[in-house]
Amino acid sequence: MLPSCRQFMAFIGAEELVKNHGFVTKPGHALKLRQEKREGYSDFIELDPDNITWNVIRSQFDERLLRHASASGVKVFEGLNVTDIKFSGERPASAIYETQSTQANETGWAWYIPLHDGTTSVGVVISKDSYAEKKALANNGLDDPMTRLYMAQLAQAPELLQLLGKARLASGIKSAGDYSYSASRYAGAGYRIAGDAGAFIDPLFSTGVHLAMIGGLSAASTIAASIRGDCSEEKATEFHNSKVGVSYTRFLIVVLSVYRQIQAQKEDILSDVDEDNFDRAFRLLRPVIQGAADIDPKLTPQE
């Protein structure tokens with residue numbers, strides 16, 4: 001989770017709820033883009049010691065925020081899957097829903113996130129073509145092919161294996177594909193789209209909560225401004241589309257740049273030829289990858 005999220009949570013009165021839950025604190029993050037170069041580090045507290053954030057278990061974090069929203073007067077509907085939106089002209093009029101039943105080599109990268117319950121989230125991300133090829137090879141054995149593919153990918157990240165030591169799997173392997181998407185627009189007459197409903201980029205910089213809070217705050221403020229008559233509904237809609245779109249695009253450009261470096265291990269893309277690390281690139285990208293570009297009024301035009 002990015003440090004910018006603390007300001008959103010403080011704004012809605014939820015910061016202490018999250019702070020007191022016991023999540024592992026996160027003073028920054030490291031990203032190794034080339035095997036022979038030192039990892040780059042984004043120091044969250046370099047400029048402000050209070051700019052720390054947390055490694056959260058999303059189910060617990062989301063539950064805390066959901067209960068806080070309910071206690072604050074929000075109508076919460078759980079266990080429902082919206083299958084269609086019915087419009088009256090251009091305005092949404094009703095929703096159709098159903099009750100849910102409970103039932104970095106050149107091809108990718110891996111993450112390592114310590115959690116407060118004693119477990120560590122470890123995942124791998126690989127390209128679609130590479131996944132199809134490696135899954136086909138993994139299917140030739142007798143044990144679980146997904147577990148075999150997962151362990152083979154971890155073997156290509158030796159420093160991550162050192163961190164894991166004698167750790168063992170605490171759960172089955174879960175997978176998801178084709179997860180990057182964006183809606184063509186995020187607002188219209190009588191509706192707003194926020195969070196994963198509107199767009200998802202990539203888990204690389206843990207941007208999901210930040211973008212969800214940006215979208216939620218923009219949705220609430222533009223709806224309120226339109227109802228109060230502070231601006232027209234058209235202007236409110238235009239603002240939300242722009243705000244969410246710009247925030248999404250900032251991260252998308254940075255993520256695409258990082259993937260270009262990951263996929264070109266022998267080239268210097270985010271570093272100069274005489275640099276053995278990516279610190280300078282991370283400092284330049286700080287306003288984006290720490291979320292400050294969306295919330296910090298002290299940023300200079302150059303930043």
Side-chain angles (χ1 to χ4, degrees), residues 1-32 39-72 74 109-125 159-160 163-165 167 170-171 174 176 179 194-196 199-217 247-248 250-251 254-255 258 282-283 285-296 298-299:
M1 188 166 69
L2 303 186
S4 56
C5 295
R6 289 193 66 163
Q7 297 193 42
F8 295 126
M9 289 185 287
F11 182 75
I12 62 174
E15 183 179 22
E16 290 302 313
L17 289 175
V18 178
K19 184 178 180 180
N20 295 331
H21 188 77
F23 293 125
V24 172
T25 55
K26 179 180 177 181
H29 60 222
L31 186 61
K32 192 174 184 67
E39 66 275 2
Y41 185 72
S42 181
D43 189 346
F44 294 170
I45 60 175
E46 178 183 11
L47 302 179
D48 181 359
D50 292 327
N51 202 40
I52 203 164
T53 183
W54 305 275
N55 291 329
V56 301
I57 296 177
R58 278 299 302 274
S59 58
Q60 296 181 20
F61 173 77
D62 292 352
E63 175 74 12
R64 300 287 275 183
L65 290 190
L66 185 68
R67 298 305 159 209
H68 176 69
S70 179
S72 300
V74 175
W109 59 280
W111 73 73
Y112 176 96
I113 305 174
L115 301 171
H116 74 290
D117 63 356
T119 64
T120 298
S121 173
V122 180
V124 296
V125 178
E159 293 183 15
L160 188 150
L163 291 172
L164 287 173
S171 67
K174 305 176 181 65
Y179 51 72
D196 290 354
F200 187 84
I201 304 174
D202 190 275
L204 189 61
F205 288 112
S206 302
T207 56
V209 174
H210 171 91
L211 291 173
M213 289 188 166
I214 279 286
L217 180 58
S247 298
Y248 175 88
R250 281 198 192 104
F251 284 111
V254 173
V255 167
V258 171
F282 274 46
R283 282 195 297 271
L285 295 171
R286 180 193 69 83
V288 177
I289 62 179
Q290 294 190 20
D294 283 315
I295 53 91
D296 192 346
K298 299 186 293 295
L299 284 178

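Quick caveat, the model's predicted, so the values are computed rather than measured. We number each residue from 1, following the sequence as shown.
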What closest approach, in Å, do Lys26 and Asn55 show between heavy atoms, and which atom pair accounts for it? CD-OD1, 3.2 Å
Side chain Arg6, main chain Ile52, donor-acceptor under 3.5 Å: yes
Partner residues of Asp62 under the side chain to side chain donor-acceptor pair (under 3.5 Å) criterion, sequence neighbours left out: Arg58
Between atom OG1 of Thr25 and atom NZ of Lys19, what is the distance when rounded to the nearest 0.5 Å? 11.5 Å
Distance-minimising heavy-atom pair for Tyr41 and Gly28: OH-CA, 3.5 Å
Could you go through Leu204 and Val254, starting from their C-alpha distance and side-chain angles, then the distance that decides it, and tell me whether this counts as side-chain contact (heavy atoms from CB on, under 4.5 Å)? CA-CA 10 Å; Leu204 189 61; Val254 173; over 6 Å; no
Nearest heavy-atom contact between Ser247 and Ile214 is OG-CG2, 3.7 Å
Restricting to side chain to side chain donor-acceptor pair (under 3.5 Å), what partner residues turn up for Arg250, sequence neighbours left out? Asp294
Inter-residue atom distance Ser206.OG - Phe251.CZ, 0.5 Å rounding: 10.0 Å
In this structure, CD1 of Ile113 is separated from OG1 of Thr119 (nearest 0.5 Å) by 10.5 Å
Mind checking side chain to side chain donor-acceptor pair (under 3.5 Å) for Gln60 and listing every partner two or more places apart, or none if nothing turns up? His21, His116
If you take all heavy atoms of Ala292 and Arg286, which pair is closest and at what distance? CB-NH1, 4.3 Å
Closest heavy-atom contact between Leu160 and Trp111? CD1-O, 3.8 Å
Indicate the atoms forming the closest heavy-atom contact of Phe44 with Met1, along with that distance. CE1-O, 4.3 Å
Check whether any side-chain heavy atom of Trp109 lies under 4.5 Å from a side-chain heavy atom of Val258, and answer yes or no. no
Answer whether the closest heavy-atom distance between the side chains of Thr207 and Leu2 falls below 4.5 Å. yes
Separation between CG (Asn20) and CD (Glu15), nearest 0.5 Å, reads 9.5 Å
Looking only at the aromatic ring of each residue, does the gap between the centers of His210 and Phe205 stay below 6.0 angstrom? no
Would you mind reporting whether Leu211 and Ile201 have side-chain heavy atoms less than 4.5 Å apart? yes
Test log, rule side-chain contact (heavy atoms from CB on, under 4.5 Å), inputs Phe8 and Val209: CA-CA 10 Å; Phe8 295 126; Val209 174; over 6 Å; no
Atom CE in Met213, atom CG in Leu217: separation rounded to 0.5 Å? 10.0 Å
Distance check, rounded to the nearest 0.5 Å: Ile12 atom CD1 versus Leu65 atom CG? 5.5 Å
Does Gln290 reach the main-chain N or O of Asp43 with its side chain, forming a donor-acceptor pair under 3.5 Å? yes
Is there a side-chain contact (heavy atoms from CB on, under 4.5 Å) between Ile289 and His29? Walk through the geometry before answering. CA-CA 10 Å; Ile289 62 179; His29 60 222; 4.3 Å; yes
